[in-house]
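Report on the following structure.
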Amino acid sequence: MAIVAVVAILCLAPGWTGGPRFRVFQANVYDQLLYVGASISYRTLDYATLVVQGVEGAQSDPLAVAALWFIDWRSAVSMMHAAFAVVSRGHVVDCTYPYMVGMQLNMLFAALFVFVNALAMPRWPAWICASALTVGFFEQYVFDINAWSQLAAQPIFLLLLAFVALAFDKDRFGQVPGSIVRLGAIFAALMTGVFFLYPESLTVYGLAAMVIVVMAIGHRTSRQALPVAATGLAAGIGASLLACIPHWSGTAAYVVRQLSHAAAYPPDWWKYFQLYLFGGEANFLEIIAGPDSRLGELANAYFSLPVEAAVAGLGLYAVLPSAGWPVAIAFVWKLLLYGFLFVLVRSVAGAVWTIWRSEPDGSAARLLAGSLAGCLVPIAILAAGHAWAAGKGLAMAAPMLFTLIVAPLAAAQWRSSAVVASIIVVVAHLILGALRPLLVLQALGAGIPGLPTSAAQVNAQKASLDWDYNRLSAEFGSCNGIVIDVAHPMMNHVLRSLAADHGIAWASPNVFMWSGKTGRAYLPTGWDKFDCLASADRLTANPGQRLVPVATDRSSREFLEGRRDVLEIGVEVPPGIATRGLFGKESTPGGALRWASPAAYFDVPNKPSAPARTLRLALWPMPISGSEFLVKINGREIYRGSVPAGPLSFPLDELAGEETLTVELATNSVTRFPGDPRDLGFAIRELSVRR
């Protein structure tokens with residue numbers, strides 16, 4: 001069982017190395033927090049209470065509203081999560097990552113069973129291949145898009161396909177009638193799990209199963225098992241449908257709703273979740289579609305897109321050349337990748353053909369035929385113009401694709417030289433799984449190996465906020481209620497989830513709903529008596545409240561409390577400083593700068609017991625149209641003259657008793673640069689308050 005321990009550690013380790021900033025969500029905060037919020041409601045409320053509290057209204061608990069709606073969608077995985085939290089006696093948010101790892105680990109045992117029993121692979125190669133599928137790109141992708149239901153159902157679908165193939169093995173399940181009962185019971189359990197967890201995958205695996213059945217009927221030996229197979233499979237499907245009746249709207253009916261909605265309103269989420277298929281660094285699809293693309297760019301895109309898309313689709317995105325490679329080396333490398341794909345396809349095709357010819361009535365031949373058919377479904381969906389559904393279909397079909405890739409390793413075939421390409425793919429997935437705990441480190445860029453093109457967006461989503469839910473939970477512990485005044489929708493949801501999970505009453509003036517609604521206030525009775533305030537921007541709480549800061553930058557608060565003597569407010573703009581008339585921060589070889597409009601304003605909190613004594617200003621020597629410059633603080637003019645070429649310092653002693661310093665900077669003309677649509681005034685190099 002050493003392999004199981006190693007695989008489990010590799011799956012758990014990123015949660016430790018990446019820290020709470022990684023654990024709270026990977027790349028899809030919307031699904032993650034929907035699942036977590038529903039889990040909390042299912043743990044704390046019984047169904048009768050949820051029906052009452054979950055009816056949407058002005059005073060309805062948003063978590064309960066989402067959880068009640070979610071019951072008719074994919075609620076089973078959140079219900080299991082809630083039960084897992086109860087059994088482990090842990091908090092729902094803290095249990096989330098190990099719960100997801102548990103679902104990921106199920107693939108190890110499912111794949112091992114399939115490779116040994118259906119594909120007839122020797123045990124040790126089967127262990128290695130099953131481990132590669134579990135820790136490699138395909139499962140990392142599902143994990144990183146936070147698709148809980150798919151993560152839970154993926155091993156079930158692989159087993160489902162294998163049992164359809166095994167059902168036609170004569171005497172596989174014993175003698176009649178016991179064989180029918182055994183097969184029916186197994187299939188009923190698998191199909192029920194499918195309906196309750198992730199029935200969308202039936203669109204992919206359903207065709208694969210049909211091909212297996214047709215292939216079995218076409219051969220005499222496997223046809224002899226038809227009475228047992230047909231009766232057992234039909235009984236299993238029938239039993240699973242009967243199990244769905246009490247919750248028909250969230251199982252069988254859900255499939256119809258989901259597919260109808262996806263067909264009528266195809267989302268463009270593929271531009272985010274499937275971007276890795278369009279090129280290692282450049283988006284070649286965008287270049288091909290762009291009207292301004294140059295001939296050289298088009299030639300490179302047409303040459304690169306097929307090979308890079310195919311290699312990425314195999315889960316080998318990490319081996320694609322990056323933009324920093326020399327053109328000649330990148331070209332040669334892509335030629336090698338074309339050659340590798342040719343060898344791999346030929347090896348897989350040869351292995352599949354050999355198995356079909358040597359044992360056409362065997363479970364391996366049927367499984368490979370079904371897998372091949374299932375892998376064609378995403379291509380058909382893409383041809384119909386549904387890019388997002390095709391990308392999801394590829395993720396669903398990934399275990400079948402991996403089964404085809406390792407087919408040359410099955411039975412006696414694994415000793416021939418034709419398996420080298422398959423071994424390379426398996427090893428590449430293992431290496432990626434081994435490197436994942438390192439790649440998610442903040443020091444290495446907090447990459448997301450399963451969704452490699454989204455790390456920058458995810459880091460931007462998490463930037464400037466402290467996602468350490470253990471610290472926040474500890475701070476919540478002494479609160480009788482908490483007001484969540486956080487505009488960031490993801491952090492707002494995390495704080496609500498933590499409060500609800502700890503049984504602490506909460507309120508928020510701006511609640512983010514998973515459906516996209518914003519701006520709704522949730523202010524239950526007595527909220528004005530809550531003694532804690534969570535905020536990313538506030539530096540002080542209201543009288544009678546304790547502040548729970550959620551921003552990582554606490555420089556403003558430290559300055560206000562006298563623990564810091566200098567506070568930069570112009571270039572960095574820390575939390576608690578309200579500004580108007582500023583543009584984004586820019587980096588230059590000489591340092592950071594921030595452009596301002598012709599007039600810019602800064603509201604700086606000031607503490608009379610430890611006041612700011614000096615305002616220091618320095619501008620970048622940029623060519624601007626303005627010839628005059630004005631500085632006011634709280635309406636008092638403290639400078640009027642030419643645009644300063646060097647640093648200026650202004651004493652603030654006369655304003656020491658003020659609780660807010662409103663700094664106004666202005667110049668008398670607008671500056672415009674070619675290609676820049678902004679109305680610029682001046683470039684700030686430094687604007688700071690000092691003691």
Side-chain angles (χ1 to χ4, degrees), residues 1-19 22-23 26 80 84 87-88 90 94-144 151-159 162 166 314-316 318 364 367 398-415 419-441 444 447 449-450:
M1 290 295 101
I3 293 181
V4 177
V6 171
V7 172
I9 290 172
L10 286 178
C11 293
L12 287 167
W16 300 322
T17 57
F22 174 77
R23 286 196 301 271
Q26 286 69 55
M80 292 192 301
F84 176 78
V87 171
S88 66
D94 198 35
C95 288
T96 297
Y97 192 87
Y99 175 69
M100 293 177 67
V101 167
M103 294 189 290
Q104 182 182 4
L105 280 174
N106 285 335
M107 180 58 79
L108 174 66
F109 306 106
L112 179 64
F113 174 87
V114 173
F115 294 159
V116 170
N117 292 279
L119 208 56
M121 185 181 291
R123 191 167 296 275
W124 273 108
W127 269 109
I128 294 171
C129 292
S131 301
L133 178 57
T134 303
V135 303
F137 181 90
F138 295 131
E139 287 299 284
Q140 285 188 20
Y141 174 82
V142 180
F143 198 106
D144 284 342
L151 193 64
Q154 205 94 313
I156 296 176
F157 273 104
L158 184 59
L159 287 173
L166 293 170
L314 292 171
L316 304 179
L367 177 64
M400 292 186 287
L401 176 60
F402 195 83
T403 300
L404 291 170
I405 291 172
V406 301
L409 305 177
Q413 294 297 318
W414 76 281
R415 295 185 182 277
V419 303
V420 173
S422 296
I423 292 175
I424 290 174
V425 175
V426 171
V427 171
H429 280 263
L430 287 171
I431 291 174
L432 184 66
L435 291 178
R436 181 173 169 88
L438 299 176
L439 296 175
V440 301
L441 286 168
L444 297 180

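Heavy-atom basis, side chains included; hydrogens, waters and symmetry copies ignored.
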Pairwise side-chain contact, F115 with I128, heavy-atom cut-off 4.5 Å (strictly under)
no

Rounded to the nearest 0.5 Å, how far does CG of L432 lie from NE2 of H429?
8.0 Å

Roughly how far, to the nearest 0.5 Å, is CG of N117 from CG of L367?
11.0 Å

Kindly indicate whether the side chain of L159, heavy atoms from C-beta on, has any atom under 4.5 Å from the side chain of V114.
yes

Once you round to the nearest 0.5 Å, how far does CG of L409 lie from CE of M121?
5.0 Å

d(L151 CG, N106 CG) to nearest 0.5 Å is 8.5 Å

Quick check: do V406 and L119 have side-chain heavy atoms less than 4.5 Å from each other?
yes

In short, P408 meets S422 closest at the heavy-atom pair CG-OG, 3.4 Å

For I3 and W124, run side chain to side chain contact (heavy atoms under 4.5 Å, CB included): C-alpha distance rounded to whole Å, both residues' side-chain angles, the deciding distance at 0.1 Å, then the answer.
CA-CA 10 Å; I3 293 181; W124 273 108; 3.2 Å; yes

Please report the interatomic distance CE(M100) to CZ(R23), rounded to the nearest 0.5 Å.
13.0 Å

Non-hydrogen side-chain atoms of M103 and Y99 separated by less than 4.5 Å:
yes

Measuring only between side-chain heavy atoms, which start at C-beta, is R436 closer than 4.5 Å to V135?
no

Measure centre to centre between the rings of F402 and F137, then say whether the value is under 6.0 Å.
no

Identify the two heavy atoms, one from P449 and one from D144, that lie closest to each other, and give their separation to 0.1 Å.
N-OD2, 4.0 Å

When you compare the side chain of F143 with that of V101, does any pair of heavy atoms fall below 4.5 Å?
yes

Are any of the side-chain heavy atoms of L10 and T134 separated by less than 4.5 Å?
no

To the nearest 0.5 Å, tell me how far L441 CG sits from F22 CZ.
10.5 Å

Side chain to side chain contact (heavy atoms under 4.5 Å, CB included) between F109 and V4: does it pass, once the steps are laid out?
CA-CA 9 Å; F109 306 106; V4 177; 3.9 Å; yes

